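Ligands are counted one by one from 1 in listed order, and the atoms in each one are counted from 1 as well. Remember, predicted model here, so these are calculated numbers, not experimental data.
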Amino acid sequence: MTIKNIVLAGTPQLRHITKPVPQDMFGTKELNNMVETMFATMKANKGVGLAASQIGLEYRVLTFGFDMNHPRYPDQEPVPFTLMINPQILTKSPDMVYLYEGCLSLPEIRGLVPRHEWITVKAQDEKGYWFETRYEGFTARIIQHEIDHLDGKLYPERMDNMRTLGITAALREAGVIR
Ligand code: NI
């Protein structure tokens, strides 16, 4: 099991638009290793989601999911561990919801980010089969955040009030986040 370093904001590659996983890559050791490394790296870094570009692999692959009482987001209900390859958002709610969001590539800071309350997503699984699912709440937020990564975007660009940006420990101290 390989755990990779997280690519930090400021690294030009994190701003690249990643490429789709081609059909002939499904079932290969390269893709299977990528997926395994992503889950391992996400868990080791206590992330709730990870994009392949955050470990230096410029493919449209994302993972998310976490167990109960996650240290970074203790208020959130657990989310099943999920893999999405070549994900596309098909529809999204007109309503936006706000929540303090963080990112492993921007350590120790949080900001209030608006996201669509629900989305429907089409993506491929490890074997290349397409699936389509509706997600809401925190899960929908994670997926929107990770798809942004695949397009070279980071959450501060989604914020509409930069005054909410803060140091995680200070926001906790102030009782703004848990
Ligand atoms: Ni992130």
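- By the 6.0 Å contact criterion, CD on Gln13 is enclosed, its count of non-hydrogen atoms from other residues, nucleotides or ligands being greater than 12.
- Figure legend: Lys122 and Trp130 shown as a cation-pi pair, the cationic atom lying under 6.0 angstrom from the six-membered ring centre and within 45 degrees of its axis.
- A salt bridge is defined here as a Lys NZ or Arg NE, NH1 or NH2 lying under 4.0 Å from an Asp or Glu carboxylate O, and Asp151 with Arg60 meets this definition.
- Grouped with Met159 in one hydrophobic cluster are Val7, Leu14, Leu106, Ile109, Val113, Leu154, Tyr155, Met162, Leu165, Ile167, the linkage being side-chain heavy-atom contacts under 4.5 Å among Ile, Leu, Val, Met, Phe, Trp and Tyr residues.
- Shown are the protein N/O/S atoms under 2.8 Å from the Ni ion (ligand 1), given by residue and atom: Cys103 SG, His145 NE2, His149 NE2.
- In this structure Gln23 satisfies the side chain to side chain donor-acceptor pair (under 3.5 Å) test together with Gln124, sequence neighbours excluded.
- Residue pairs meeting the salt bridge (Lys or Arg N to Asp or Glu O under 4.0 Å) criterion with at least one member in residues 164-178, sequence neighbours excluded, are Asp75-Arg178.
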